[in-house]
Amino acid sequence: SAMTDLERFYVHKNSLTGTLLADYGNWSKIWDLRLHENRLQGSLPPEWSAMTDLEIFYLEKNKLTGTLPANYGNWSKVRDFRLYENRLHGTLPGDWSEMAESEILYLNSNLLTGTL
């Protein structure tokens, strides 16, 4: 996937299907990613942790499964992070405490377990 200078990607509220491509992790300048309210499936690619300028991340209301990648804790600039209403399971990674700029973190309506 080219588009390495991409800063914003909005494809929300469509009927997109398929899985999230690991290659999007090469979008090194992206700061606003909105893929919410589609029919996307599969797990969250660990390769996306390379998107270190990310500030806004919307993937809510899809059909995502798997666990929360610990290396997303690298996103020190993320302010608004939404993954609610998916099918994610497992625990909240301790590394996510490194998201120092976080103002909004919505993980409700998933299958998460463990302690806070």
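Taking both residues in full, the closest heavy atoms of Gly25 and Ala50 are given as O-CB, 3.5 Å, listed atom of the first, atom of the second, then distance. When all heavy atoms are compared, the tightest approach of Pro45 to Leu20 is CG-O, 3.6 Å. Between Leu59 and Asn86, the shortest heavy-atom distance links the atoms O-ND2, 3.1 Å. Across Lys29 and Asp53, no two heavy atoms sit closer than the pair CA-OD2, 4.3 Å. Heavy atoms only, all atoms of each residue included: Leu33 and Trp48 are closest at CD2-CZ3, 3.8 Å. Here the shortest heavy-atom pairing between Met51 and Trp27 reads CG-O, 4.0 Å.
Both Leu40 and Leu107 are assigned to one and the same hydrophobic cluster, defined by single-linkage of ILVMFWY side chains at heavy-atom distances under 4.5 Å. Both Leu35 and Leu6 are part of a single hydrophobic cluster, where members link through side-chain heavy atoms under 4.5 Å apart. By the criterion of side-chain heavy atoms lying less than 4.5 angstrom apart, applied directly or through intervening Ile, Leu, Val, Met, Phe, Trp or Tyr residues, Tyr106 is not grouped with Leu88; the two fall into different hydrophobic clusters.
Under the 4.5 Å side-chain criterion, counting only non-hydrogen atoms from C-beta, Ser102 is in contact with Val78. Side chains of His89 and Thr113 form no contact here, defined as non-hydrogen atoms less than 4.5 Å apart.
Remark: Ile56 CD1 to Ile104 CD1 distance equals 9.0 Å, nearest 0.5 Å. For the atom pair CG of Asn108 and CG of Leu83, the computed distance is 10.5 Å after rounding to the nearest 0.5 Å. Taking CZ of Arg82 as the start and NZ of Lys61 as the end, the distance is 10.5 Å to the nearest 0.5 Å. Here the straight-line distance linking atom CH2 of Trp75 with atom CZ of Phe81 works out to 5.0 Å at 0.5 Å rounding. Once rounded to the nearest 0.5 Å, the distance linking OG of Ser76 with CG of Leu54 reads 10.5 Å.
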Going by atom type alone, with no hydrogens or angles, which donor-acceptor pairs under 3.5 Å involve a side-chain atom of residues 7-19 and a protein atom two or more places apart or on another chain?
{"from": "Tyr10", "atom 1": "OH", "to": "Asp32", "atom 2": "OD2", "distance (Å)": "2.6"}
{"from": "Asn14", "atom 1": "ND2", "to": "Val11", "atom 2": "O", "distance (Å)": "2.9"}
{"from": "Asn14", "atom 1": "ND2", "to": "His12", "atom 2": "O", "distance (Å)": "3.2"}

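Contacts of Pro69 classified as side chain to side chain contact (heavy atoms under 4.5 Å, CB included), with partners at least two apart in sequence or in another chain: Leu44, Asn71, Tyr72. With sequence neighbours excluded, the residues that form a salt bridge (Lys or Arg N to Asp or Glu O under 4.0 Å) with Glu55 are Arg79.
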* **Test log, rule side chain to side chain contact (heavy atoms under 4.5 Å, CB included), inputs Leu92 and Leu112** => CA-CA 7 Å; Leu92 182 63; Leu112 301 175; 5.8 Å; no
* Trace of the side chain to side chain contact (heavy atoms under 4.5 Å, CB included) decision for Glu85 with Glu60 -> CA-CA 6 Å; Glu85 290 186 34; Glu60 74 268 16; 5.5 Å; no
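Judged by distance alone, with hydrogens and angles left aside, the side-chain atoms of Asn62 form a donor-acceptor pair with the main-chain N or O of Asn38 at under 3.5 Å.
In this pair, His36 and Tyr58 present their aromatic rings perpendicular. The plane angle is above 60°, beyond the 30 to 60° band.
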